[in-house]
Amino acid sequence: MTHLLPLLAAAAVGLCGAAGVVVTTARRPAAGAAAVFCVLALVGVWVCLPVNPYVPPVVLVGALVCLGLAPRFSWRMTGGDVLVHTAFALVGVAALGGASSTQVLGELILGAYPAYMIGRMLVERIGLVRAAEIMTCVWAVAAVLGLVEAVTGFNPFTAVPFPSHLYQVWAVSQERAGMARVEGAFGHSIAYATSMAAGIPFAAVTRWPSWLRCSAMVLLLGSTLPSLSRTGMVCALLALVLSLTLLRTDIGPRWRVGTLAGLGAAGAVGLSRLLEVFARAGREQSGSAEYRGTILVLVSRLRFLGASPAAVNRGGTTKWAGFNSIDNEVLLAALRFGWAPVALFLVGLAVVVGRVLVRRGNAAQVALTALTPAYVTVAFITQLDSVVWIILGMAVAAQAASTSDDGRSLTAKEAEELRVARVVAAFGRRLVPATPGSSPSPPSPAAPPSPAALASSPSPVSPAAPGPAHAPAPVQTPAQATARRRAPSYAPARTAPSPAMAGTRTAARRRAVPVAPQGPPRSRPPQGPPQSRPPVASQGPSSGPPQGPPRSRPPQGPPQSRPPVASQGPSSGPPQSRPPVVPQGPPQIRRRERQ
């Protein structure tokens, strides 16, 4: 019983760690993305649980991340989802046509499908740009460690032995022309270089300065050189050129041209050195190229659905008509499951390439396009399989997401908020009806009154002069009343003051003389025509020439300069029948007259 205690303690620690990953991802999805990319690029495939069938470390961690993201995932199907799921379904049906159930379980259920859903859910939750920033940071660390390995010859990922059969297979250093090939945590130089190339387009779409993005892309390209992998170098060069020419980013033109020019100059200097290394490899590299051409004879042995009859399984190892390995992932998948699911993926790849060529592709689609040479020259070994499927999920999620006005890819939550905001804005515009015969247009702000209008406008402290009556207050139209009554709370309707009202308020502030309060203007009955008023003689010396209409009278002086006049007494009639009264002096002058 005591020998089970370490196992129980390890199981308890593992469960607590798994629960922590799920809870942390649910609260901070970016932390889950960082965990996935760190395990993908910095943990070897030999670090796994001692269970059968084999579960890659990134799939194990990614499954926990998906559990944390699942409650807020949209679960909506797009065109890309339909194509991918249809191909996966055909792979599952291929088991009935003679395909190995072990391969279906390992390649699909524990490999491709979980990796695809990891990329699909992460990008939908945090967005492509945020995921690209996290991925670029992790890839930059892996690239720096690869360059350190090239200089020192020390690989920190294989220095610590792991009790696993995969450690003995993949933790072995490779050489070409007497030079050690950089592998990193990927266990193979081709997988390392191709994976580094896949991160170049993601570095281009980050929100970093142009010089930092170009530096990150050059760093990832340079990390593929010590691997001495021709496939990885070609993919990295293609990814860099596509990212600087066809991928829509805000990198400055100077940095684009300068990076390409510097790359050309460095290539002219270092190409000769690289060709010398490949020339010393001699028969090794020429033999691998000839082998990739020879295996194409297996195309004639393919089936529509199911395993090819060329498969021979002996001692747990499958050979295809005498060929031990198939360095062609497209051909290998068709031999295992039939050419029908492979044809669907090739159709989707053609669509992606077309979008990239017309400059409508996102970073993930550019990465898939740049990896095209790898699909037909290498098999998906170690982490390269997970890298490709995660990027495919990211491409589908980024394509499904809406796009903002500035071209930034939005998450599903942001896209829904944008849609609701647009609907609310459109609903608010419909609440304000336009007048008949006119097109709806936003109200223009009222122009400030001119000095002439300020001088001619009546004020509460100056009495009305003989002449035409004041202009009646503007009558509110039914449309304006409807707009004020039905204006939503988030867009209140405001009526700008008229020039006359603005002039009245300005004059009142300038001439602050105490006057008797008057009734509200709206309570007064309509005034009669000015011609019906009887003429009244002036009660005292005039302070100026006879006053004319309100707009033609000159500006009056201050009230203190006017001579005192006798008061006319309160008016007994309505406000409209009052005769014009000569301006009176201040209250202090009236009190002196009474004394």
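Note: hydrogens, waters and symmetry copies are ignored here, and every other heavy atom, side chains too, is used.
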Validation row: [X], [Y] side chains within 4.5 angstrom (heavy atoms):
X: Leu122; Y: Ile118; answer: yes
X: Leu128; Y: Met394; answer: yes
X: Leu368; Y: Ile391; answer: yes
X: Met196; Y: Trp139; answer: yes
X: Arg125; Y: Arg72; answer: yes
X: Ile251; Y: Cys214; answer: yes
X: Ile190; Y: Arg181; answer: yes
X: Leu90; Y: Leu305; answer: yes

Flag, side chain of [X] to backbone of [Y], donor-acceptor distance under 3.5 Å:
X: Glu133; Y: Arg207; value: yes
X: Ser227; Y: Thr224; value: yes
X: Glu107; Y: Ala112; value: no
X: Ser229; Y: Gly232; value: yes
X: Thr372; Y: Thr369; value: yes
X: Glu329; Y: Phe380; value: yes
X: Glu124; Y: Ser74; value: yes
X: Arg303; Y: Ser308; value: no
X: Arg176; Y: Leu228; value: yes
X: Gln365; Y: Asn362; value: yes

Quick one: side chains of residues 235-245, donor-acceptor pairs under 3.5 Å with protein atoms, not counting sequence neighbours, listed by atom name and distance.
from	atom 1	to	atom 2	distance (Å)
Ser243	OG	Ala239	O	2.7
Thr245	OG1	Val241	O	2.5

Minimum heavy-atom separation for [X] to [Y], with atom names?
X: Ala33; Y: Ile126; value: CB-CD1, 3.8 Å
X: Ala367; Y: Phe202; value: CB-CE1, 4.0 Å
X: Pro373; Y: Val234; value: CG-CG1, 4.2 Å
X: Arg256; Y: Thr249; value: NH2-OG1, 2.8 Å
X: Met217; Y: Ala204; value: SD-CB, 3.7 Å

Between [atom1] of [X] and [atom2] of [Y], what distance do you get to the nearest 0.5 Å?
X: Glu149; Y: Leu145; atom1: CD; atom2: CG; result: 9.0 Å
X: Gln383; Y: Phe186; atom1: CD; atom2: CZ; result: 5.0 Å
X: Cys66; Y: Met117; atom1: SG; atom2: CE; result: 6.5 Å
X: Thr152; Y: Phe154; atom1: OG1; atom2: CZ; result: 7.5 Å
X: Leu349; Y: Leu344; atom1: CG; atom2: CG; result: 12.5 Å
X: Ser195; Y: Leu220; atom1: OG; atom2: CG; result: 11.0 Å

side-chain contact (heavy atoms from CB on, under 4.5 Å) for Thr377 and Asn328? Distances and angles first, verdict last. CA-CA 5 Å; Thr377 56; Asn328 187 324; over 6 Å; no

task: Evaluate whether atom CZ of Arg359 has more than 12 neighbouring non-hydrogen atoms of other residues, nucleotides or ligands under 6.0 angstrom away.
output: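 Yes - once you tally the heavy atoms of other residues, nucleotides and ligands closer than 6.0 Å, there are more than 12.
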
Leu110 and Tyr54: CA distance, side-chain angles, deciding distance, side-chain contact (heavy atoms from CB on, under 4.5 Å) verdict: CA-CA 8 Å; Leu110 298 178; Tyr54 167 74; over 6 Å; no

Next item on the list: Taking ring pair (Phe, Tyr, Trp, His ring centres under 6.0 Å) as the test, write out the residues that go with Trp339, two or more places apart.
Entry: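 With neighbours one apart ignored, the set is Phe304.
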
In chain order, what residues pass the ring pair (Phe, Tyr, Trp, His ring centres under 6.0 Å) check against Trp389, with sequence neighbours excluded?
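In terms of ring pair (Phe, Tyr, Trp, His ring centres under 6.0 Å), with neighbours along the sequence ignored, Trp389 is linked to Phe88, Phe345.
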
Practice task
Kindly indicate, with the supporting measurements, whether the criterion salt bridge (Lys or Arg N to Asp or Glu O under 4.0 Å) is fulfilled by Arg120 and Asp81.
Solution key: CA-CA 9 Å; Arg120 180 72 170 85; Asp81 291 319; 2.9 Å; yes

| message | If you apply the rule side-chain hydrogen bond (donor to acceptor under 3.5 Å, both in side chains), what do you find for Ser189 with Glu183, and how did you get there? | response | CA-CA 4 Å; Ser189 58; Glu183 301 175 358; 5.7 Å; no

With sequence neighbours excluded, what pairs up with Ala63 under the side-chain contact (heavy atoms from CB on, under 4.5 Å) test?
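In terms of side-chain contact (heavy atoms from CB on, under 4.5 Å), with neighbours along the sequence ignored, Ala63 is linked to no residue.
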
* Restricting to pairs with a member in residues 21-42, which pass side chain to side chain donor-acceptor pair (under 3.5 Å), not counting sequence neighbours? ->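 Listed once each, the pairs would be none.
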
Worksheet entry | Audit row: Ser325, Trp320, side-chain contact (heavy atoms from CB on, under 4.5 Å) steps and yes/no | CA-CA 8 Å; Ser325 63; Trp320 307 94; over 6 Å; no

Under the side-chain contact (heavy atoms from CB on, under 4.5 Å) rule, what do Phe337 and Leu108 come out as? Steps first, then yes or no, please. CA-CA 11 Å; Phe337 312 112; Leu108 176 63; over 6 Å; no

Let me have the donor-acceptor pairs involving side chains of residues 157-173, under 3.5 Å, with sequence neighbours excluded, atom names and distances please.
from	atom 1	to	atom 2	distance (Å)
Thr158	OG1	Asn155	O	3.4
Ser164	OG	Leu166	N	3.3
Tyr167	OH	Thr158	O	2.8

